[in-house]
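Report on one structure; see the data block that follows.
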Amino acid sequence: MTDATAGAVPASKDAKPGQMVAADGRPLKESLNRALRLQKMRALMLIAPLLLFVLLTFIAPIADMLFRSVQNGIVSETLPRATAGLSDWDATTGDLPDESVYEGLYYDLFIAAERKLHTRLGSRLNYEMTGMSSLFRQSGRSLDDIGDVYFDQFKDLDKNWDEAEPWAALMGDADWLQEMQAWKKADGEMPEFELADGMEKLLPRTAETYAAFAVFTQVDEGKSLLKEEPWVLVHTALYQDLMAKDVSGYSGPQAEMLKAADAAVSGFESVTFKDGMNAIDDDWLSHTVWQTIKTYSPEFTNGYFLNAVDMQKTPDGPEFRSENQRIYGLLFKRTMFMSLMITGSCILLGYPVAWLLANLPMRTANLLMILVLLPFWTSLLVRTSAWKVMLQQQGVINDVLVWLGLVNDADRLVMINNQFGTIVAMTHILLPFMILPLYSVMQTIPPSYLRAAKSLGATNWTAFWRVYFPQSVPGIGAGSILVFILSIGYYITPEIVGGTTGTFISNRIAYHISSSLNWGLAAALGTILLAVVLGLYWAYDKIVGIDNVKLG
């Protein structure tokens, strides 16, 4: 055996005859692929923290915004019975919903009021119809008026109907009741309520409402069911069950009390739910109110997006709002126009400054660069407030113009609380974002190109326009994208110096997030703005080419 044969590594069984193999006997192609996979895994592990950070701080908020712009579960979740009944109601006939819908409304609204959820629902619907918030708030305070009709009569019949323990014995499971009677606070968490067997069939409405009362009492309030009397809603449900069900065969706890009530309920005074809700607030007989509830009862809605483009949902489909209610289209147009104006102003002012920085000696250029970066070291709020002082009618600029005799004292210029003030202030704030990309690109343009053009007979203007300017276009593109995208998202500066005619759509988004709390509309406006920016970015890529955008 030769030395070469003794040192050879046998090929693996996967290797084909004549195929190149690695040192370990595997096919060379397989070994290379395995090595590449390991390299990719190591690279992925290195960027995993950054990727996770981007997902949590950038992708997740955007996804949440997109979801909020169509989310509308609050109506169906707060009024499940009423919205289920409205599914068969034709809103185009002009007729009001039937008694079963009013019954569902009463039950839903009572439970929501106990949990303090009815005001949130009223606020949501108030975005679509003014007055809904006060309607739900007022109704939540007066719902006991309907239940008291039955509560008083049950109490007059037997005082045990106003006691906690008889109700717990009637509705609760025997084992649970025994555990509950033996429970003390020192024992920790109280036993969870369990409904007695067969009670859901015997008294379905009562079982459902008492179970809701039990969960609220034990979980939300942390109180014992042996000490808390049920809601008057439970007495209303008991009246309805006894009128509809036969309980003569019941022989469980409190059987005599229940059968005595069953024999007496036929003579009870009663009130229809429709009349009861009308007595609370006559707006419950308004067709528009019910139409609004039905329109916004689906779990997902396009209503926020329609509002964002000055439209609204109706039974006949989307339609534009009246002229005096259309504001968002105007704000979008104003935002695009002013952002373009600010971008153009930054180009006009930033281009010569960047040229000077790129062509002056390094020592002088560094000194000027410090002046360019100086605004970054000052608070945005301070810079904006300074412009407010300078631009107002009694401000520095007007005083100088009057002193020079260019403007009469009685005819001082109005440069604040309008579009002009916003453009001036934001141009100053965003100018460095235009200068820096231009400067970094101009630094890479050799001065010899201009000298060569002039030596061939070109004038200064021709040499600049035909030789220098085309090479600086990537810097203009990079600066324009930075300035434009930043400008459409600004809201502090327009809020301070813009007044009523110089504000952006971002100011309205901020208002809905912080003041009106209409997060769905704010999310829809933000989504549309994001789509517009992506559309402009795509158009820029098609026309100029994103590969031509360079930062030096």
Side-chain angles (χ1 to χ4, degrees), residues 324 326-356 368 370-436 438 476 479-511 514-515 525 529 532:
N324 60 350
R326 300 180 188 177
I327 60 173
Y328 296 114
L330 173 64
L331 285 174
F332 273 114
K333 292 176 183 177
R334 180 192 298 168
T335 300
M336 293 298 118
F337 169 74
M338 294 181 65
S339 297
L340 289 173
M341 290 293 294
I342 293 165
T343 304
S345 300
C346 288
I347 293 174
L348 293 177
L349 296 175
Y351 197 95
V353 174
W355 186 86
L356 282 174
L368 293 179
I370 293 175
L371 298 178
V372 170
L373 297 176
L374 191 60
F376 284 126
W377 305 337
T378 308
S379 168
L380 173 63
L381 189 60
V382 172
R383 283 181 280 165
T384 304
S385 300
W387 276 111
K388 190 173 182 68
V389 172
M390 294 180 66
L391 294 174
Q392 61 184 321
Q393 285 187 291
Q394 302 300 323
V396 177
I397 295 178
N398 265 303
D399 286 344
V400 172
L401 293 176
V402 171
W403 179 71
L404 293 174
L406 299 177
V407 175
N408 293 327
D409 188 53
D411 300 323
R412 288 173 175 258
L413 302 178
V414 180
M415 298 182 291
I416 199 68
N417 296 330
N418 52 29
Q419 293 186 12
F420 178 80
T422 301
I423 292 173
V424 170
M426 290 188 61
T427 298
H428 168 252
I429 291 169
L430 296 176
L431 189 57
F433 293 97
M434 178 64 71
I435 293 175
L436 294 176
L438 282 170
I476 296 176
S480 298
I481 289 178
L482 281 174
V483 171
F484 184 80
I485 292 179
L486 287 173
S487 63
I488 62 175
Y490 261 65
Y491 68 92
I492 295 178
T493 303
E495 185 70 25
I496 295 176
V497 302
T500 57
T501 61
T503 54
F504 287 5
I505 190 65
S506 53
N507 294 98
R508 204 64 185 171
I509 295 174
Y511 166 77
S514 60
S515 298
L525 291 170
L529 191 61
V532 170

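If you read the sequence from its start, that first residue is 1, and numbering goes on from there. Below, each value reflects all heavy atoms present in this structure, side chains not excepted, and no hydrogens, waters or symmetry copies.
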> Could you go step by step and tell me if M415 and I397 meet the side chain to side chain contact (heavy atoms under 4.5 Å, CB included) rule?
Replying inline: CA-CA 9 Å; M415 298 182 291; I397 295 178; 3.6 Å; yes

> Going through the checks in order, is the side chain to side chain contact (heavy atoms under 4.5 Å, CB included) test met by I488 and F504?
Replying inline: CA-CA 7 Å; I488 62 175; F504 287 5; 5.6 Å; no

>> Would Y328 and L525 count as a side chain to side chain contact (heavy atoms under 4.5 Å, CB included) here? Give the steps.
In response: CA-CA 9 Å; Y328 296 114; L525 291 170; 3.8 Å; yes

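Counting heavy atoms from C-beta on, the side chains of L368 and L371 come closer than 4.5 Å. Side-chain contact between P494 and M426 is present, with heavy atoms from C-beta onward closer than 4.5 Å. Contact annotation: the side chain of L436 approaches that of L373 to within less than 4.5 Å [non-hydrogen atoms, C-beta and beyond]. Two residues are said to be in side-chain contact when any heavy atoms from C-beta on lie closer than 4.5 Å; L438 and W355 fail this criterion. Residues L391 and V497 form no side-chain contact, since every pair of their non-hydrogen atoms from C-beta on lies 4.5 Å or further apart. The shortest distance between side-chain heavy atoms of E495 and T384 does not fall below 4.5 Å. Residues Y490 and L380 form a side-chain contact, since some pair of their non-hydrogen atoms from C-beta on lies under 4.5 Å apart. A heavy-atom distance below 4.5 Å is not found between the side chains of W387 and I429.
Atoms CZ and CG, from F376 and L374 in turn, are 11.0 Å apart once rounded to the nearest 0.5 Å. Put simply, CZ on R508 and CG on L331 are 7.5 Å apart, with the number rounded to the nearest 0.5 Å. Atoms CE and OG1, on M338 and T503 in that order, are 8.0 Å from each other to the nearest 0.5 Å. To the nearest 0.5 Å, atom OG1 of residue T493 and atom CD1 of residue I423 are 13.0 Å apart. We find the CG-CZ distance between D399 and R412 to be 4.5 Å, quoted to the nearest 0.5 Å. In this structure, the separation between CH2 on W403 and CG on D409 is 15.5 Å, given to the nearest 0.5 Å.
The shortest heavy-atom contact between T501 and Q419 is O-CG, 3.0 Å. Of all heavy-atom pairs between L430 and S487, the closest is CD1-CB, 3.6 Å. Taking every heavy atom of both residues into account, Q393 and V414 meet most closely at NE2-CG2, 3.5 Å. Here the closest non-hydrogen pair linking I347 and S480 is CD1-OG, 3.5 Å. Across all non-hydrogen atoms, the minimal contact from T343 to M434 is O-CE, 4.0 Å. Of all heavy-atom pairs between L529 and M336, the closest is CD1-CE, 4.1 Å.
Proximity of a side-chain donor or acceptor of N408 to a complementary backbone N or O of A410 within less than 3.5 Å is not detected. Under the 3.5 Å distance criterion, the side-chain polar atoms of T422 are matched with a main-chain donor or acceptor of G502. Without hydrogens or angle criteria, S345 side chain to T427 main chain gives no donor-acceptor distance under 3.5 Å. Under a 3.5 Å cut-off, the side chain of N398 and the backbone N or O of Q392 do form a donor-acceptor pair.
Other residues, nucleotides and ligands contribute only 12 or fewer heavy atoms inside 6.0 Å of the CE atom of M341.
Between F484 and F433, the ring center distance fails the sub-6.0 Å criterion.
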